[in-house]
Amino acid sequence: MPGGRLTQQERQQIALGVADGLAYAEIARRLDRPTSTVTREVMRNGGPTGYRADLAQRATERRTHRRGQTAARSPQTPPPAHGRDPEALRAYEETFTTVLVQSGMPTMMARVLTCLFTTDEGSLTASELVQRLQVSPASVSKAISYLDGQGLVRRERDERRRERYVADNDVWYQSMMASARGTAVLAETARQGVGVLGADTPAAVRLENIARFVDFVSESISRAADQARDILHPKPEGTPADAVQADTAQDDAAQADRAAADTVDTTAAATDTTATGPERG
């Protein structure tokens, strides 16, 4: 199986295969390349609907040139941890970023999120992001503001009081719940149009159908997110919060017992008085 970078001729064959509707695995088989190579090549160069061999070739040349400049500026950059292949890691980060961009996320925001997802620490500071991505602090700040607004990252302070940006499992849950809330708002807005357009009109019926569909999807997302978090990332037992809740529950139970006992005593006293009756002179 040949290694190294794709040639311009191979890119032309990929473009023909994509245009013919061939699966990536079939294109890779014809080129005697891994399927992941073809998938990555197409996804980071316009996707299946926009891939062009000449543009992909020029984009690769530009990336190679930028990497050379970055290496010249940062000769002391440490190698990837755990013995990872730096070329394979860089290629994967580009693929992940491209998939995020294809889903509608702006490029810089996608690059920052990919960087956070692929770091072992699980969090980075602004200066670390600037160094890793070789971009300006303003670009990082803008990207973080966007991701924070979408619920995809959260901010926290470390022991040196530096602000760190985190993309962990709970953040992903919060993002899904934010998406569900946004979808619910869309449903409510569509339903408002029913009253404006008239309940019996075709347009109103269409909006009501939209609202019902979106409501169903929003509720399904919320339930699925809750279930996934409970199953995949259960909270550890015996946390301080659990202890506080247990103590509170015990206090409430004790108060309820005391109140019940007082009620019994009062009722018994009243019964005794009624049974004895007033004394006669």
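Remember, it's a predicted structure, so these values are computed and weren't measured experimentally.
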Short side-chain to backbone donor-acceptor contact, Glu10 and Thr7, under 3.5 Å: yes

Find the distance between CG (Asp20) and CD (Glu26) and round it off to the nearest 0.5 Å. 11.0 Å

Starting from Tyr173, can I reach Val217 by hopping between I/L/V/M/F/W/Y residues whose side chains sit under 4.5 Å apart? no

Would you say Arg155's side chain and Glu163's backbone share a donor-acceptor pair under 3.5 angstrom? no

Distance col, row Ile27:CD1 vs Leu22:CG, nearest 0.5 angstrom, shows 5.5 Å

Side chain to side chain donor-acceptor pair (under 3.5 Å): pairs with one or both residues in residues 191-207, sequence neighbours excluded: Arg191-Asp215

Taking every heavy atom of Leu152 against every heavy atom of Ala167, the minimum-distance pair comes out as O-CB, 4.0 Å

Decide yes or no for Thr49 and Val18: does some side-chain heavy atom of the first lie under 4.5 Å from some side-chain heavy atom of the second? no

I need the Met177 CE to Arg229 CZ distance, nearest 0.5 Å. 8.0 Å

Return the minimal non-hydrogen interatomic distance between Tyr51 and Ile14, and the atom names on each side. CE2-CG2, 3.8 Å

Quick one: which residue pairs count as a salt bridge (charged side-chain N to carboxylate O under 4.0 Å, His left out) with a foot in residues 102-125, not counting sequence neighbours? Arg84-Asp120

Hey, what do you get for CD (Glu219) to OG1 (Thr183), rounding to the nearest 0.5 Å? 11.5 Å

What I want to find out is whether Asp54 reaches Arg11 closely enough, with some N-O distance under 4.0 Å, to be called a salt bridge. no

Closest heavy-atom pair, Gly151 versus Ser175, reported as atoms and distance to 0.1 Å, is O-CB, 3.4 Å

In this structure, OG1 of Thr125 is separated from CZ of Arg157 (nearest 0.5 Å) by 11.5 Å

Got a second to check how far Ser218's OG is from Phe213's CZ, nearest 0.5 Å? 11.5 Å

Could you check whether Thr39 and Ser36, counting side-chain N and O atoms only, form a donor-acceptor pair closer than 3.5 Å? no

Determine whether Thr97 and Met105 make a side-chain contact, defined as any pair of heavy atoms from C-beta on separated by less than 4.5 Å. no

Under the 3.5 angstrom rule, does the side chain of Thr189 hit a backbone N or O of Val185 as a donor-acceptor pair? yes

Gln131 (side chain) donor-acceptor with Glu128 (main chain) under 3.5 angstrom: no

Can you hop from Val112 to Val101 via hydrophobic side chains spaced under 4.5 Å? no

With no hydrogens and no angle check, is any side-chain donor or acceptor of Thr114 less than 3.5 Å from a backbone partner on Ala110? yes

Taking the side chain as everything from C-beta on, heavy atoms only, tell me whether Gln150 gets closer than 4.5 Å to Met109. no

Would you confirm whether Asp148, through its side chain, and Ile144, through its main-chain N or O, come within 3.5 Å as a donor-acceptor pair? no

Are the side chains of Leu129 and Cys115 in contact, using a 4.5 Å heavy-atom criterion? yes

What pair of heavy atoms forms the shortest contact from Val205 to Ala199, and how long is it? CG2-O, 4.2 Å

If we only count heavy atoms from C-beta on, is the Asn45 to Leu55 side-chain gap below 4.5 Å? no

Side-chain heavy-atom pair Leu116, Val166 within 4.5 angstrom cut-off: no

Where do Tyr165 and Glu156 land on the side-chain hydrogen bond (donor to acceptor under 3.5 Å, both in side chains) test, with the steps shown first? CA-CA 7 Å; Tyr165 310 117; Glu156 65 179 25; over 6 Å; no

Quick check against the 3.5 Å criterion: does Ser145 have a side-chain atom that pairs as donor or acceptor with the backbone of Ser141? yes

If every non-hydrogen atom of Ala203 is compared with every non-hydrogen atom of Leu197, which pair is closest and at what distance? CB-CD1, 3.7 Å

Could you tell me if the side chain of Val196 sits less than 4.5 Å from the side chain of Leu207, heavy atoms only? no

Given the rule in the salt bridge (Lys or Arg N to Asp or Glu O under 4.0 Å) test, do Arg90 and Glu94 qualify, once you have shown the distances and angles that lead to the verdict? CA-CA 6 Å; Arg90 186 180 298 113; Glu94 290 180 358; 5.7 Å; no

Taking atom CZ as the centre, does Arg162 end up with more than 12 heavy-atom neighbours from other residues, nucleotides or ligands that are less than 6.0 angstrom away? yes

Smallest separation among heavy atoms of Ala190 and Ile210, with atom names: CB-CG2, 4.2 Å

Residue Arg160 excluded, over 12 heavy atoms near CZ under 6.0 Å: no

Less than 4.5 Å apart, any side-chain heavy atom of Thr118 and any of Glu93? yes

